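Ligands are counted one by one from 1 in listed order, and the atoms in each one are counted from 1 as well. These numbers come from the heavy atoms of this one structure, side chains and all, not from hydrogens, waters or symmetry mates. Since the model is a prediction, treat every value here as computed from it, not as a measurement.
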Amino acid sequence: MHEAGRALADPTAYADEHRLHESLALLRREAPVHWVEAPGYNPFWAVTRHADVMAVERDHGLFRNEPRPLLATAQFDAINRQRAEEGTGLRTLVHMDDPDHRVVRAIGADWFRPKAMRALRPRVRELARRYVDRMAELDGECDFAADIAVHFPLYVILSLLGLPESDFPRMLKLTQELFGGADEELRRGVSPEEQLAALLDFFAYFQRLTAARRAEPTEDLASAIANARVDGEPLSDLDAASYYVIIATAGHDTTSSTISGGLHALIEHPDQLARLRNDLGLMPFAADEMIRWVTPVKEFMRTAEADTEVGGVPVRAGESVLLSYPSANRDEGVFDDPFRFDVGRDPNRHLAFGFGVHYCLGAALARMEIQEFFAELLPRLRSVELAGEPELTATTFVGGLKHLPIRYTLA
Ligand code: HEM
């Protein structure tokens, strides 16, 4: 059991889905709220059942995001805590609790509502077409994850922010360095200093952006953030930069991992591919099934403000709980045959976007991107197969396939 618990703090476990899901299934069955002590990490409770994850997220007054919103090494926890105390660390929405969280979330919220999504749809469709055309140019063979999926959502999100296309490659590299932190191939360096350097690069870039949008406001999300007022005051540079960072990072790897993992699932389940291609009306269900299947965000954490219990297990004030979304989304008590990929799954009460006050701000955008991409691809796709071994990112936070070699014919 201890080994199963430790898998949650082991980036390489997430690069081996079989091993990961074996551990999670064991925890759900035998110890759904399990105390984990893993070398190099502060201990935490692993919460693996759907109902318990929801219960913790619902009680946001008791279970707070601060001071430990996600799993990091003990060394990083210490650095983050020190930076928070000094007021020099990033403070994104996931680092906040009410009342601040509600006020700051509202600044960006309009940009993700249905009206804004309808306005953005033609641009998303155009970008989807551009990337399917790119597949056609690649002449029947590509690494779908690295050549296609990683670019499309970043272009969407940076378009929404209003950044120039010439800056996109730099943003791509920075988001990969931040999120691929535990992966040998993607990371900039092992040390916390080097990871922090990636964050500081990000920060400097966005600081310049804030200044530019204040000097000359434009019609984009970056301008809304730069010119927002809280209690009559503009956001500090740090708070504005934090906002851009959460939008640029959260809106990118999550969706691209889902698109790669979704295509992989369709390749592995040709009956589901045929079913979806013959009935594109299933697309909204298929997109959500891809999101459940991949669950690109592996965890967030909460810390108990007072003594309480989760699933009948006592949790003391100051102890942290890790919400395992991949586990909740394979919970046998909630999903019929959870290990079956079903493009028509309904209902599909997955928790891949979290739940409650921190529920993913970009959920509607992510759904739209995934739907538009496959709506563009599938009618043109005559055949598709694997052309090599798919490879997953080693991470405990956000990730999915980093390589998906495919061979295909496109009309
Ligand atoms: C928060 C998942 C795409 C922006 C979150 C959370 C999860 C998540 C699990 C935390 C929720 C919680 O604590 O309850 C995903 C998945 C995506 C995706 C699976 C794609 C399939 C996006 C996109 C954006 C975005 C496209 C666009 C900007 C955010 C933001 C937050 C967030 C700003 C913080 C919300 C808050 O703390 O109030 N997301 N996300 N996400 N997501 Fe996403």
Side-chain angles (χ1 to χ4, degrees), residues 47 53-60 63-66 68-71 90-98 100-113 116-117 120 124 127 149 152-161 163 171 175 179 220-222 224-225 242-262 287-303 321-329 350-373 397-400:
V47 177
V53 170
M54 271 177 78
V56 169
E57 294 224 42
R58 188 180 285 124
D59 204 346
H60 59 97
F63 289 102
R64 314 286 280 176
N65 280 39
E66 277 289 75
R68 198 183 178 193
L70 50 95
L71 185 68
L90 280 188
R91 228 167 66 92
T92 75
L93 287 174
V94 304
H95 298 90
M96 289 181 195
D97 293 292
D98 280 349
D100 298 7
H101 172 260
R102 189 180 331 175
V103 176
V104 175
R105 184 171 161 118
I107 293 170
D110 271 354
W111 291 81
F112 296 94
R113 288 196 219 283
M117 289 301 105
L120 192 63
V124 173
L127 287 168
F152 163 63
L154 184 69
Y155 270 54
V156 172
I157 201 69
L158 297 181
S159 302
L160 181 68
L161 271 171
L163 304 191
M171 287 293 116
T175 50
F179 274 170
D220 52 37
L221 176 55
I225 293 167
S242 299
Y243 222 122
Y244 302 128
V245 168
I246 186 80
I247 301 279
T249 54
H252 171 211
D253 251 23
T254 48
T255 314
S256 61
S257 297
T258 307
I259 291 174
S260 292
D288 265 77
E289 180 67 342
M290 291 174 186
I291 295 164
R292 180 188 78 90
W293 193 249
V294 174
T295 309
V297 178
K298 309 307 175 194
E299 50 86 14
F300 270 106
M301 295 182 94
R302 301 290 188 264
T303 299
V321 298
L322 178 143
L323 310 170
S324 176
Y325 298 121
S327 180
N329 287 344
H350 69 75
L351 295 178
F353 291 122
F355 183 75
V357 295
H358 286 276
Y359 181 79
C360 176
L361 191 59
L365 175 59
R367 288 186 163 116
M368 179 167 82
E369 289 180 64
I370 298 160
Q371 292 171 17
E372 287 295 332
F373 185 81
F397 183 31
V398 173

Can any side-chain N or O of Asn65 pair as donor or acceptor with the backbone N or O of Asp97 at less than 3.5 Å? no
Protein residue, atom and distance nearest to atom 34 (C) of ligand 1, heavy-atom basis: Val94 CG1, 3.8 Å
If you round to the nearest 0.5 Å, how far is CZ of Arg367 from CE of Met290? 13.5 Å
Which atoms of ligand 1 are found less than 4.0 Å from any heavy atom of Phe112? 27 (C), 28 (C)
Identify, by atom number and element, the atoms of ligand 1 in contact range of Arg302, meaning under 4.0 Å from any of its heavy atoms. 12 (C), 13 (O), 14 (O)
Where does Arg292 meet ligand 1, judged by heavy-atom distances below 4.0 Å: at the side chain, the backbone, both, or neither? neither
Hey, what do you get for OG (Ser324) to CG (Leu351), rounding to the nearest 0.5 Å? 10.5 Å
Using a 4.0 Å cutoff against the non-hydrogen atoms of Ile247, which atoms of ligand 1 qualify? 28 (C)
What part of Arg105 sits under 4.0 Å from ligand 1 if we count only heavy atoms: the side chain, the backbone, both or neither? side chain
Contact summary for Arg91 and Ser242, nearest pair of heavy atoms: N-OG, 2.9 Å
Taking Tyr244 for the side chain and Ala222 for the main chain, is one N or O donor matched with an acceptor at less than 3.5 Å? yes
Considering only non-hydrogen protein atoms, determine which one is nearest to atom 10 (C) of ligand 1 and report residue, atom name and distance to 0.1 Å. Phe300 CE1, 3.3 Å
Can you tell me how far apart OG1 (Thr258) and CD1 (Ile370) are? Round to the nearest 0.5 Å. 4.5 Å
Is it the side chain (CB and beyond), the backbone, both or neither of His252 that lies under 4.0 Å from ligand 1, heavy atoms counted? neither
Donor-acceptor contact below 3.5 Å, side chain Tyr243 vs main chain Arg105: yes
Of all the non-hydrogen atoms in the protein, which one sits nearest to atom 2 (C) of ligand 1, and at what distance? Ala352 O, 3.3 Å
Which protein N, O or S atoms does atom 43 (Fe) of ligand 1 have within a distance shorter than 2.8 Å? Cys360 SG
Would you say Met96 touches ligand 1, if touching means a heavy atom closer than 4.0 Å? no
Please list, chain by chain and in numerical order, all residues satisfying ring-ring contact (aromatic ring centres under 6.0 Å, His included) with His358, sequence neighbours excluded. His101
Value rounded to 0.5 Å, distance of CG in Asp288 from CH2 in Trp293: 15.0 Å
Numbering the atoms of ligand 1 from 1, which are under 4.0 Å from a heavy atom of Tyr325? 9 (C), 12 (C), 13 (O), 14 (O)
Atoms of ligand 1 less than 4.0 Å from His101 heavy atoms? 36 (C), 37 (O), 38 (O)
Atom 37 (O) of ligand 1 sits nearest the protein heavy atom His358 ND1, 2.7 Å
Nearest-0.5 Å distance, CG of residue Leu365 to CZ of residue Phe112: 6.5 Å
Can you tell which part of Phe355 has a heavy atom less than 4.0 Å from ligand 1: side chain, backbone, both or neither? backbone
Quick note on ligand 1: atoms under 4.0 Å from a heavy atom of Thr258 include exactly 21 (C)
Can you tell me if Gly356 has a non-hydrogen atom under 4.0 Å from ligand 1? no
Ligand-side contact atoms (ligand 1) for residue partner Glu57, heavy atom cut-off under 4.0 Å: 12 (C), 13 (O), 14 (O)
Distance under 4.0 Å to a non-hydrogen atom of Pro296: what atoms of ligand 1 satisfy this? 19 (C)
When you measure from the side chain of Arg302 to the backbone N and O of Val321, does any donor-acceptor pair fall under 3.5 Å? no
Rounding to 0.5 Å, atoms CG (Leu163) and CE (Met171) come to a distance of 6.5 Å
So for Leu93 against ligand 1, with non-hydrogen atoms under 4.0 Å, the contacting part is both
Aromatic rings Phe373 and Phe152: how do their planes relate, parallel, tilted or perpendicular, breaks at 30° and 60°? tilted
Minimum side-chain heavy-atom gap Val156-Met368 below 4.5 Å: no
Which bit of Ile157 gets closer than 4.0 Å to ligand 1, counting heavy atoms only: side chain, backbone, both or neither? side chain
Look only at the side chain of His252 and the backbone of Thr249, and say whether a donor-acceptor pair between them is shorter than 3.5 Å. no
Which atom of Ser256 lies closest to which atom of Ala149, heavy atoms considered: CB-O, 2.7 Å
Any Met290 heavy atom less than 4.0 Å from ligand 1: no
